[in-house]
Amino acid sequence: MLDINTLRNNQAAVIDGLKKRNLGPEIEDVIAKIVKLDDRRKTVQTELDQQLALVNLKSREIGELFKSGQQDQAATLKSEVVEIKKAVKDMETTLAQTILEIETIVIDLPNVPHNSVKAGKGAEDNEITKENLENMPRFEGITALPHWDLAEKYNLIDFKLGVKITGSGFPVFRGKGAKLERGLIHFFLSEASEAGYEEIMPPLLVNEDTARATGQLPDKEGQMYFVEKDNLYLIPTAEVPLTNLLRGDILKRSELPVKLAGYTPCFRREAGSYGSDVKGLNRVHQFDKVEIVQVADPAHSYQVLDEMVAHVEMLLQKLELPYRILRLCGGDMGFTSALTFDFEVYSAAQEKWLEVSSVSNFETFQSNRLKLRFRDGDEKPQLVHTLNGSALALARIMAAILENNQDAEGVKIPRVLHSFTGFDRI
RNA sequence: GGUGAGGUGGGUGAGUGGCUGAAACCACCGGUUUGCUAAACCGACGUACUCUUAACGGGGUACCGCGGGUUCGAAUCCCGCCCUCACCGCCA
């Protein structure tokens, strides 16, 4: 959620920024309305506080009068206070309504894009900042099979069994498929540790406060599985529990950056998805992912973003996959992000680019709701910047590895994984 | 699932209706003393909102799990909810 004071102090910049997200000129009225409502909030607040101060003062006097036995004067004062309290009640109602009204508007505003983000309609306007095709496969003498065929042929993933025990979108990994999956998780976690991230194994179910603080609620309620009986949500990404570990904290500047990494399965309902997008591992309801999170000093958060982008790129290079990096345009960026780089790998048999990572700086958009702040010495606490990225999403990486490394006899495993899988071929 | 106890500041913990934003102790921070360290002593030590000030700062309000209620006045009394702990049962 946007911070109202920042919004007030930078109205023009906020408006310009939000227009890059395809919001029309009416956004100017929205911002003006927020400021006007907030002005009213302040006025009411001040008035209310003054009345409450009066009540407190008189109440103390009543106490004194009682002690000195002046009952009738106390009674007079009492009736005065009762009158004031009636007015107080009204003001409290007005204040609560005004605050609610402001929040209702602000909560629907997406994050203000970073300066470097270009306006754009959607995915077609994203800018490819880098493309590395040196590991593009050449299938000589074979017809390349899509990964779902390879998975069946070599008994790696059983989609039908998944349907039997759960439903579509819940693949069963088995044999070397399961080992490859485990090896990839292990590899990603090792690399994260190497890069200085603390490894975390968080709960996979979270409560409502947690889902709200990172912005899944109310925005993406329909995307999450919900356990009604216990009021818990299955996490759609490790970002949710990892970032919430620090909810409400006031850190010292010297404690920044906080670097966390975690492997979790991710659960997504993917309501409304259909077609070739959901075939095989391209889009499933449960998939594995290693996520990296950083909580950073606002002064350095864009360096941190670069560092995280470099980390993800390094992983893809080690896996010997063709990839490209996209800087998302305003129209394609997530609601909470200020700047996002997407990573796609080329899955050569499908002849498709698959998104395997999204690395974002949320600036204070998340920390505002998380109430996650830092302090330098005895300064006032201020909001931190939060960042996260997938490093990496497993299912699609698996798809690309299988498709790109196939030959007539099987599938070659990237060298860097051999020590994790225990085999070099499927 | 059953029964009981309890949720107070970074921590321990006092406080059962009135100058209590909250004792005391510990931790943290600043200082004094001191070959160094430790100890001792002194001081500061919450957050949010808001008003005021050029600024340093000062004033007000709210917050003792959360939400309501009673009262002139609530950490303290009442109601609802949430959570934690202990014991029993079940169990990886």
Side-chain angles (χ1 to χ4, degrees), chain A residues 1-9 34-103 106-107 201-213 217 226-233 241 244-256 258 265 295 364 366-384:
Chain A
M1 188 165 66
L2 288 176
D3 173 56
I4 187 124
N5 284 321
T6 316
L7 184 148
R8 285 189 70 116
N9 297 332
I34 292 169
V35 172
K36 206 171 150 197
L37 282 168
D38 196 47
D39 285 340
R40 192 166 103 205
R41 191 209 99 233
K42 285 190 188 195
T43 312
V44 177
Q45 178 99 251
T46 305
E47 249 176 81
L48 172 64
D49 285 352
Q50 282 166 358
Q51 292 307 308
L52 284 174
L54 202 57
V55 169
N56 286 340
L57 182 76
K58 293 197 185 232
S59 293
R60 256 171 277 157
E61 280 176 35
I62 292 169
E64 298 293 329
L65 289 172
F66 264 113
K67 270 182 205 157
S68 56
Q70 296 167 276
Q71 311 289 345
D72 2 329
Q73 288 179 49
T76 318
L77 266 184
K78 267 194 199 181
S79 58
E80 280 178 42
V81 175
V82 170
E83 280 310 306
I84 299 173
K85 290 281 275 198
K86 282 181 193 158
V88 162
K89 201 111 194 162
D90 288 347
M91 284 184 228
E92 279 176 340
T93 311
T94 311
L95 184 65
Q97 276 171 355
T98 310
I99 290 172
L100 187 70
E101 214 174 322
I102 293 170
E103 181 137 315
V106 175
I107 208 151
M201 292 196 85
L204 307 181
L205 284 87
V206 296
N207 61 32
E208 196 182 322
D209 287 345
T210 298
R212 195 168 295 281
L217 291 177
F226 179 55
V227 182
E228 199 163 346
K229 203 162 184 183
D230 297 290
N231 252 296
L232 296 171
Y233 295 86
N244 268 281
L245 292 180
L246 298 154
R247 185 172 76 217
D249 287 358
I250 301 177
L251 304 164
K252 292 186 193 132
R253 179 173 235 149
S254 59
E255 292 176 295
L256 300 174
V258 178
V295 173
T364 60
Q366 279 187 332
S367 58
N368 187 31
R369 261 203 261 185
L370 285 160
K371 295 275 171 291
L372 174 51
R373 292 165 291 174
F374 78 100
R375 184 205 318 264
D376 197 11
D378 51 6
E379 278 175 15
K380 241 185 96 143
Q382 56 174 306
L383 295 169
V384 298

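Protein chains get the first letters and strands the later ones, always in sequence-line order, with residue 1 at the start of each.
As a whole-Å value, the separation of A:I250 CD1 from B:rC28 C1' is 14 Å. Separating the NZ atom of A:K252 from the P atom of B:rC28 is a distance of 10 Å, rounded to the nearest angstrom. One atom, CD1 of A:I102, and another, P of B:rU50, lie 10 Å apart when rounded to the nearest Å. Atom CZ in A:R8 sits about 13 Å away from atom P in B:rC49, given to the nearest Å. The NZ atom of A:K371 sits 12 Å away from the C1' atom of B:rC49 (whole-angstrom rounding). To the nearest angstrom, P of B:rC63 lies 13 Å from CG of A:L95. Taking atom CG of residue A:L251 and atom C1' of nucleotide B:rU47, one finds them 15 Å apart after rounding to whole Å. Between A:K380 atom NZ and B:rU47 atom P there is a gap of 9 Å when expressed in whole angstrom units.
A:V295 and A:L256 make their closest contact through O-CD2, 3.6 Å (heavy atoms, listed as atom of the first residue, atom of the second, distance).
Taking atom P on both nucleotides, B:rC66 is separated from B:rA75 by 12 Å, rounded to a whole Å. Spacing between B:rG15 and B:rA74 at atom C1', rounded to whole Å, works out to 13 Å. Distance check on atom C1': B:rU20 versus B:rG13 gives 16 Å, rounded to whole Å. Taking the P atom of each, B:rU61 and B:rG9 are spaced 22 Å apart, rounded to whole Å. Nucleotides B:rU16 and B:rA23 place their P atoms 15 Å apart, quoted to the nearest Å. B:rU12 and B:rG7: their P atoms are spaced 12 Å apart (whole Å). B:rC88 sits 44 Å from B:rA62 when the C1' atoms are compared, rounded to a whole Å. Rounded to the nearest Å, the gap between the C1' atom of B:rG69 and that of B:rG10 is 33 Å.
Between A:F226 and A:N231 the shortest side-chain heavy-atom distance falls below 4.5 Å. At a threshold of 4.5 Å between non-hydrogen side-chain atoms, the residues A:L95 and A:R41 count as touching. Side-chain atoms of A:L204 and A:P265, non-hydrogen and from C-beta on, do get closer than 4.5 Å to each other. In this structure, A:N244 and A:V206 have side chains that are not in contact, with every pair of non-hydrogen atoms separated by 4.5 Å or more. When side chains are defined from C-beta on, A:L370 does not count as touching A:L246, because their heavy atoms never get closer than 4.5 Å. The side-chain heavy atoms of A:V82 and A:K85, taken from C-beta on, include no pair separated by under 4.5 Å.
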Task: Secondary-structure notation, RNA chain B, from Watson-Crick and G-U pairs under 3.5 angstrom (| other strand) - done: ((((((((.[[[..)..(.....]]]..((((.......))))..(((((((....))))))).[[[[[..)....]]]]])))))))....
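Contact check of residues 40-52 of chain A against RNA chain B (heavy atom, cut-off under 4.0 Å) returns A:R41, A:K42, A:Q45, A:T46, A:D49, A:L52.
In this structure a side-chain-to-backbone donor-acceptor pair under 3.5 Å is present from A:N368 to A:M1. Between the side chain of A:R253 and the main chain of A:F374, no donor-acceptor pair closer than 3.5 Å is present.
Counting only N and O atoms by type, the side chains of A:N207 and A:T210 include a donor and acceptor under 3.5 Å apart.
OP1 and OP2 of B:rG46 both lie 4.0 Å or more from every side-chain N or O belonging to A:R375.
Under 4.0 Å is where a charged nitrogen must lie from a carboxylate oxygen, and between A:K58 and A:E61 no such pair does.
In A:R247, the CZ atom is crowded: over 12 heavy atoms of neighbouring residues, nucleotides or ligands sit closer than 6.0 Å.
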- [ ] Going 5' to 3' through nucleotides 66-83 of chain B, assign each nucleotide B (protein heavy atom under 4.0 Å from a base atom), S (under 4.0 Å only from sugar-phosphate atoms) or - (no protein heavy atom that close).
- [x] ---S--BS----------
